[in-house]
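First the structure, in the form of structure tokens, and then the observations on it.
Below, all heavy atoms of this structure are taken into account, side chains as well, without hydrogens, waters or symmetry copies. For clarity, every value in this text was computed on a predicted model and none was experimentally measured.
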There are 2 protein chains.
Amino acid sequence: MATLRVPPAVPSPQEDCEQLHKAFEGWGTNEKLIISVLAHRNAAQRKAIREAYQATYGKDLLESLLHETHGDFEKIVLLWTLEPSERDALLANEAATKWHPTNRVLIEIACARSSQDLFTVRCAYHKQYKRSLEEDVAAHTKADFRKLLLPLVSAYRYEGEEVNMHLAKSEAKLLHDKISEKAYSDEEVIRVLTTRSKPQLIATFNQYNNEFGNPINKVLKIIYFFFFFLSTHSLILSLALNISSSQDLKSDPKDDYLAALRAVVRLICCPEKYFEKVIRLSLNKLGTDETALTRIVATRAEVDLKLIKEVYQSRNSVPLENAVKHDTHRHYEDMLLALLGSDQN
Amino acid sequence: MATLRVPPAVPSPQEDCEQLHKAFEGWGTNEKLIISVLAHRNAAQRKAIREAYQATYGKDLLESLLHETHGDFEKIVLLWTLEPSERDALLANEAATKWHPTNRVLIEIACARSSQDLFTVRCAYHKQYKRSLEEDVAAHTKADFRKLLLPLVSAYRYEGEEVNMHLAKSEAKLLHDKISEKAYSDEEVIRVLTTRSKPQLIATFNQYNNEFGNPINKVLKIIYFFFFFLSTHSLILSLALNISSSQDLKSDPKDDYLAALRAVVRLICCPEKYFEKVIRLSLNKLGTDETALTRIVATRAEVDLKLIKEVYQSRNSVPLENAVKHDTHRHYEDMLLALLGSDQN
């Protein structure tokens, strides 16, 4: 369900290199040419182009792209050109070392990649940063977030389809008991979410819904609204008392932690819905959130962006491309549309 | 520094299979023939023999070995014949599902294998048990042990030689502060021990020794003796009061946890000393601990058993082979001596 469109007759890596070199030559840069090559090659083909470019011109293609492109276009071209594991390692490093509780990148990488892909990211992390991913995550996070994130990024979940229904029942009850006690960071909750296989967790979540009458995610959401209500209430109170509490409202650790738990559940059950929401929120903002939009398009174009687009259309009654055209401009817009499978190439 | 001796001219896997088949034929089993073949082949050669055996006789060599051998000899032959990752997965599964706080097998596998080898064990675990290693460890362990073991078995430590001396100093101080407070299971202590690279940890432990005048392991040991003193004291007291506390003395969770921490430190700094001690204790017991002896010989013969033998000789003033001859018998003894590199083949 990828949106990436590769032409039926792909030029050789050498020919692609020559085109890219031509795009960089002289005054200005031919961004359209860059897009027509790179946005229509898969990961293996882009890797071959980088190798051929290094062999022919004696430097890394990424260096030339860094020199020849700018702004949001530069960011998406660089991110896209990287191998998926290098790209995830880069995103994970940024998220870990500049850790903020509202950042969901580590959860996306830990939960929306296959077990083998997550391991490949950890290998790439060693190579790029001379440290381990879990080492940086552990060193920069704290308290409940560390308890959740460390096993998430270290996981190598079993990927077979086998489901133990007895276990699903007992762990649905366990989750329900803990959620009822508001013990969201209880080590048993974290154990279940971070170690069980995805099919097993989906069975557990279904069991939760059947047994207790609410999807687990909604339960966490109701609690979220409850907290939101409290926050709003305290805002009115503080406004009345002339106390600014905007900082508290921006990021409530308990609230952020619940949102992180919801992200884990959604990324395991329905990654396309999770990613659609991130894109929707990135476009609905006053001032587009290009960082989020770039990340989701670059990381999902070869995976499930077609599915994400379908969910977007159905949720917003407008094609994602239209929203992108409305909110972005020039080469950045062109690159996004190309990766969304909607350019003329 | 392996003890495994492979002959200069190795027969083909097919020839080895025929020899093994001959060893199984007729009344009784020719154990000497089994030893002369299997105890002198490396992991890749044993794998090729198993494949050839399956192709020729239509069954797994392990099945035939299980049928034809018995007792301790059976256990060591089976364990040795497995691929190293399968063997570790088997040992880890047994240790996790029959978890006991005095069991050190999970720590041995997590700390004395390379990062890649530990990952290969996790892959073999998926294949053999249809679950993940960390899933079973998390489901069967509790409290402090889970906090320590889960990140240990999930680790993919960086393996470069780079050391950050500034970090070594600050984390040596952190460990010292926590140990002074007796906060042995503090999440910062566990974070350092389970995520930092081995060269980084060795630098941290050296720094600890330089700065605070005691090797970290001895400090944990002094505290251990302190607990032991308390236990002895309470034993005398309970004997005086005619209360049996032998069960309590056998396994004190705090004591076991400290011993586990020491095992982590020793396996990172000097695995050969750790393994020598396990072998020494297995032989010094009233009634040899064949389980431990078999495990260490089978898992280290292709790695560092030569080094372990040297440490043993130097620590006990007697060659390990002599102690093994004294404590074991018949085919089990022959197999151990062959793996120790001391048979006639």
Task: Interface residue of largest heavy-atom contact number with chain A, from B/Gly160, B/Cys123, B/Ser197, B/Ser115, under 4.5 Å - done: B/Cys123
Task: Taking every non-hydrogen atom, the tightest pair across B/Tyr129 and B/Ala89 - done: CE1-O, 3.7 Å
- [ ] Measure across A/Arg113 and A/Glu108 and return the closest heavy-atom pair with its distance rounded to 0.1 Å.
- [x] NH1-O, 3.8 Å
Task: Salt bridge flag under 4.0 Å for residues B/Arg50 and B/Glu86 - done: yes
TODO: Against chain A, work out which of B/Arg131, B/Glu162, B/Lys127 has the most heavy-atom pairs shorter than 4.5 Å and name it.
DONE: B/Arg131
TODO: Could you label the plane-to-plane angle of the B/Phe212 and B/His176 rings as parallel, tilted or perpendicular, counting under 30° as parallel and over 60° as perpendicular?
DONE: parallel
Open item on the list: Over 60° means perpendicular and under 30° means parallel, so tell me whether B/Phe119 and B/Tyr156 are parallel, tilted or perpendicular.
Closed with: perpendicular
Task: Most chain A-contacting option - heavy-atom pairs closer than 4.5 Å, from B/Glu187, B/Gln116, B/Arg122, B/Lys130 - done: B/Lys130
Task: Among B/Pro151, B/Ser154, B/Ala155, residue most engaged with chain A (heavy-atom pairs, under 4.5 Å) - done: B/Ser154
Open item on the list: Less than 4.5 Å to any heavy atom of chain A: does that hold for the side chain of B/Arg196, its backbone, both, or neither?
Closed with: both
TODO: Please state whether the side chain, the backbone, both or neither of B/Glu134 comes within less than 4.5 Å of a heavy atom of chain A.
DONE: both
TODO: Specify the closest pair of heavy atoms between B/Gln54 and B/Asp60, including all atoms of both residues, with the distance to one decimal.
DONE: OE1-N, 3.2 Å
Open item on the list: Under a 4.5 Å cutoff for heavy-atom pairs, which residue among A/Arg146, A/Arg157, A/Lys147 has the most contacts with chain B?
Closed with: A/Arg146
Task: Heavy-atom pairs under 4.5 Å with chain A, option from B/Glu159, B/Gln200, B/Arg191 with the top count - done: B/Arg191
